[in-house]
Amino acid sequence: MKIIHEPLRYAHEEGHTDVCYSADGEHFITCGADGDVRIWSVDEMDDPNHTCVGELALSVCQKDDKIYTSTGNNEIQILTHPAGERDGVFTRATDPFNQIVICRNKNFAAVAGEGMSVTVMDLDTSVAKISLSDLGAPCLSVAICPNAAKLAASTGDGKLRIWDVESYSLLKEISCFPKVNSFANAKNLCRLDFEPKHGELLAYPLKNVVKLLNTTTWAEEELKCPEVAADFSVLQYSSCGKYLAAASLKGDFVIWETLKKTVFQTSKHDASNAICGLMWNPKGNGEIVYTDVEGQVSIMSNCSRLQPVDNEEISTEVEKVDENGFTENDVDFGDFLEEEKNEDTDRASPEVLDFGTLDSPDPDARSVDEIASSPGSTRRPRTPDVPMQSPFMPTSTPEHLDPRYLCWNDVGVVKGYGLNSGDEANQKTIEVEFHDSTFHNSMMLQNFQDYTMGSIGKGALAVANSSQIMVIPLAVSNKEWYLKVEEYEEIVLVAASESMVCFAMSNYLVRVATIFGTQRGIVSVPGPPVCMAAFKNALLVAYHAGPVRNSDQNIIIKLFKFEGLNVDCFELGSALGPESTLYWLGFSDIGTPGMMDSLGMLSLFPPKCNTWIPFCDTTKHRRSPGDGFFVTTIFESNQTIGGIRCKGTVYPGFVPRPTVCELAIEPPFAETATDKTQMEMNMFTWSNLNIQDTERKYKETALKIFALACKNDLDQRAFEFMQLVGNQQILNLGLKYTTKLNKRRLSEKLMDLAAVLQEENGDADDTPKSFHSVVSTTEMQMPAQAVIKPRVGKLSISKLTPKTKKTKQEGSQQDFETNTPISNENNLSAVNSQDSLFSEDQSVSDETLKAYEVVEVPRNPFLKKQPTEKARDDLNETKSLTPIFNPFLKKAKKTGSASPLSLTDKNAGISYETPDAKQKSTEVGEKRRLADAESEKPVGKQRKLNQFMFSKRQ
């Protein structure tokens, strides 16, 4: 007698799938990774009844007229049988329930929890009879004996534990399973089962054998099958206890006769997929229903000797089934096959094709529709396409939860109570809490209009249902206003900020109003809206630009900017990962657009970059694969992300109150554990985001990266890094560092790079624009070799030189020079997205320039460019007001000055003329100048000395 498999049928999405029979054996029930519970009929091939219980369903079982299923929301829901309607919640916890098992003879249920606990509960009262916690690892599976006297469980630490239910005592502990940190990562489910009559034997898998443990004497026996080499994962006794079925990770089925300890039947899955669900039919007809990790379901028959079937009849019937699933006994084609073989006839006659009609005299003839609907011709239906993502509010929990969060952002929290209650006696309310109690007091609203959407900003609170929106300005809370839409329109999204309120419609329109009710505009998006967020006068709208392609959502994000009654639009695209959905959409605290997909990757759209950049992978901060991070806001100025860590789910609960935590904004570079990568991540983040107080940290990090490359003898990397930074001050400090390490070749390259940077900065005409704003700066073009002398009392050089003890008179008489036009391009604005690090010290305003007198310097024969004749004529008038400056004059040695390699002094590496140089005689300087002019030193060295103003130490 051979086992017969029915054709595989699609049941759920790919992933863990569980199955069970109803008590009468007329139906079997499945649940899977798509969160649906489906009730199938054994005899009829109709479509199953299905009910969505959440985003994930892990286990299902049936007792009397109720179905119990564990969901990804850390609860066990109750459904009616066979209608499949919701009938309440059996129990809740802080972690998911991995398996539910019903006691055969008593009204108890054993539950295996992800939170390292096992519980036995009364099905009538929903009260826990016994609860065993602190097992040391997640509980993978559980089994309870028929009389509820003993309890067994397998845990992720690889141990099998057996307890006495009455005394709560641990009877036996065996190390036999592979270790795993969570149920989601477990390949071997380690299913257990007690013998159904007396419960003395406990069957559990151990690699490719099945152990039978006597719970009285603790003696063990083995059931083997030489044909199977893969590990067994799922097993179960038949209702009579005479047979034991087990399935392996490679799709092998083995059935033993428990009394003889011999193999009765073996079979194989068509695709060799791992089996994750298996159960005998309680009718005792020798049928087994099973599911695999691909979400498919099928039934095996002839698995026992209870209903013997003639082998010849079975073999004959199997041989007659053709490759299309039809048998020769289904339809009598008559002479149609002979007509098809006739080469002279191109098409069959109407008389031959007219078979199986209602008036046909042949009772065995059937129509084509009857053939297609026959059990023998049943084929696996086509896998349904991935649906387009439904509209959702950012920072809100799903609508089927009650109570639920309508909005949670940096302003406050909007909670809804009783929104899903159909009983009019239950009071529906909306509660608003503000993070800053000085900003606004908490509010409580009676939800008579069944508002299901909410958004709160610094300017107003907006709540809406499908036909009406209500806005409460926070400045005057008693001046709320309402706005209704047409009957053929439906509100699907709401967003509020400090200056406007927006709501999206089902007909792809987005209406915009002010805080106090003035409608200021309307825009249209070319697809169904998915999500929406507002910040000041900016609006982000995500919409479907097309159908799903290769399981990828085709979502595009548009940015609308409203200025008065005008509107501007920018298309930003999206940064969704493969086969992911949009999870969050919003702005940072300074207005940078941001989004997060269901894979946990948070991306930002810096305006200067004009692209989405991933800045945080939230999955790297979770403790278990089932955890999630609920984003509430992005603190870009502090380089952090605010949100809630959710254990075992992706949405926060109400009790206990969730705690907001912060994650660091760190782009997902490779090898993030190394110090080098951490510094590179920080440099990239500071260069593209508007983060406060990064001046000192930027310089320190840049020099550390450069020093690390130099110490490892990676001169090319060090030089390449300086090219990327392109900052004159950091380059000067790096040049001195390489000189100290005696790296002459690298020093020469850095000197050449400094010359290129100085030439580029000298030729620049415009001040570089800052990152988040466009700032126009007036540049003063001055002649080359011009000396700017401040008048007494007009300008202090304390900002231009290191802090030393000098008198006010000495500081007022200090002369300083410039060889290039005034420009702030030597600061970090070329590499850092923030404002210039030295703009306050190096920028010169028009009022300040009026306080200067420009004098002429004698012609220098070593300079390539000389001042124009017009400039020299204009400066001749003030020539006698200041002594001639000698660029080759030795500078006075500074006492107590800061180190030139200091990381804290922003003037390190930059040389300025000190007031002590004034005390030297002009005649001495003139003699030194004449002596240097008559020397025979190479011209190139003199040019470099004049260019970088290096000086000897006395």
Side-chain angles (χ1 to χ4, degrees), residues 592 604 606 608-609 613-617 620 635-641 662-741 743 746 749-750 753-754 757 768 770-772 824-841 898-910:
T592 301
L604 295 176
K608 183 178 180 180
C609 302
I613 300 178
F615 274 105
C616 184
D617 187 1
K620 295 183 179 180
F635 302 104
E636 182 180 349
S637 57
N638 297 330
Q639 198 178 347
T640 56
I641 302 171
E662 293 182 353
L663 301 181
I665 295 180
E666 296 178 345
F669 280 23
E671 297 183 357
T672 56
T674 62
D675 295 338
K676 171 180 170 292
T677 304
Q678 290 290 334
M679 292 186 292
E680 293 169 348
M681 292 161 52
N682 290 332
M683 291 284 292
F684 179 79
T685 304
W686 297 335
S687 299
N688 292 279
L689 297 182
N690 190 6
I691 302 174
Q692 297 178 353
D693 302 330
T694 59
E695 173 184 351
R696 177 180 175 181
K697 294 187 292 184
Y698 186 92
K699 293 187 294 183
E700 290 180 357
T701 305
L703 290 177
K704 285 180 181 179
I705 296 176
F706 179 78
L708 182 63
C710 292
K711 288 183 178 180
N712 293 331
D713 294 331
L714 300 174
D715 295 350
Q716 292 294 337
R717 178 185 294 179
F719 178 72
E720 180 186 51
F721 177 74
M722 282 298 178
Q723 285 181 318
L724 293 177
V725 174
N727 178 261
Q728 188 70 38
Q729 183 187 9
I730 298 177
L731 182 60
N732 291 341
L733 295 175
L735 182 60
K736 292 187 177 183
Y737 182 78
T738 55
T739 305
K740 182 178 180 181
L741 296 180
K743 291 183 175 292
L746 181 58
K749 290 184 178 181
L750 293 179
L753 177 61
L757 290 179
S770 62
F771 176 52
H772 287 281
N824 62 353
E825 292 188 2
N826 290 335
N827 55 31
L828 293 180
S829 63
V831 294
N832 194 351
S833 63
Q834 318 305 320
D835 293 333
S836 175
L837 299 177
F838 308 101
S839 59
E840 295 181 359
D841 300 338
S899 173
L901 297 179
S902 174
L903 297 177
T904 59
D905 186 8
K906 66 181 181 179
N907 294 295
I910 300 178

### side-chain contact (heavy atoms from CB on, under 4.5 Å) partners for Thr701, two or more places apart
Met679, Met683, Trp686, Ile705

#### Entry: Gln716: side-chain contact (heavy atoms from CB on, under 4.5 Å) partners, not counting sequence neighbours
Lys749

### Query
So do the side chains of Gln639 and Asn682 get within less than 4.5 Å of each other, counting heavy atoms only?
yes

### Task
Kindly state each residue pair satisfying salt bridge (Lys or Arg N to Asp or Glu O under 4.0 Å) with at least one member in residues 667-678, sequence neighbours excluded.
Lys676-Glu680

### Query
side-chain contact (heavy atoms from CB on, under 4.5 Å) between Leu731 and Val725: does it pass, once the steps are laid out?
CA-CA 9 Å; Leu731 182 60; Val725 174; over 6 Å; no

### Query
Taking only residues two or more places apart in sequence or in another chain, which ones pass side-chain contact (heavy atoms from CB on, under 4.5 Å) with Lys743?
Cys710, Asp713, Asp715, Thr738, Leu741, Leu746

### Task
Kindly indicate whether the side chain of Leu708, heavy atoms from C-beta on, has any atom under 4.5 Å from the side chain of Phe721.
no

### Message
What verdict does the side-chain contact (heavy atoms from CB on, under 4.5 Å) test give for Met722 and Ile730, after you've listed the backbone C-alpha separation in whole Å, the side-chain angles of each residue and the deciding distance to 0.1 Å?
### Response
CA-CA 8 Å; Met722 282 298 178; Ile730 298 177; 3.9 Å; yes

### Summary
side-chain contact (heavy atoms from CB on, under 4.5 Å) test vs Cys616 passes for just one of Leu604, Ile641, Thr640, namely Ile641

### Task
Would you give the length of the straight line joining atom NZ of Lys699 to atom NZ of Lys704, rounded to the nearest 0.5 angstrom?
13.5 Å

### Query
Just how far is it from atom CZ of Phe719 to atom CG of Leu753, taken to the nearest 0.5 Å?
5.0 Å

### Query
What residues form a side-chain hydrogen bond (donor to acceptor under 3.5 Å, both in side chains) with Thr672, not counting sequence neighbours?
none

### Query
Excluding sequence neighbours, so at least two apart, what forms salt bridge (Lys or Arg N to Asp or Glu O under 4.0 Å) with Lys697?
none

### Task
Using side-chain hydrogen bond (donor to acceptor under 3.5 Å, both in side chains) as the criterion, list what pairs up with Thr739, not counting sequence neighbours.
none

### Message
Can you pull out every salt bridge (Lys or Arg N to Asp or Glu O under 4.0 Å) where at least one residue sits in residues 717-728? Sequence neighbours excluded, please.
### Response
none

### Query
How long is the span from the OH atom in Tyr698 to the CG atom in Leu703, to the nearest 0.5 Å?
10.5 Å

### side-chain contact (heavy atoms from CB on, under 4.5 Å) partners of Glu666, counting only residues at least two apart
Ala664, Gln678, Met681

### Task
Kindly give the heavy-atom pair with the smallest separation between Gly734 and Phe706, and that separation in Å.
O-CE2, 3.5 Å

### Query
What residues form a side-chain hydrogen bond (donor to acceptor under 3.5 Å, both in side chains) with Asn712, not counting sequence neighbours?
none

### Task
Say whether, by atom type as modelled, one donor and one acceptor occur between the side chain of Gln692 and the main chain of Ser637 under 3.5 angstrom.
no

### Summary
Taken to the nearest 0.5 Å, the spacing of Leu735 CG from Gln728 CD works out to 9.5 Å

### Query
For Phe669, what residues pass the ring-ring contact (aromatic ring centres under 6.0 Å, His included) criterion, not counting sequence neighbours?
Phe684

### Query
Taking the side chain as C-beta and beyond, is there a heavy-atom pair between Glu636 and Asn690 under 4.5 Å?
yes

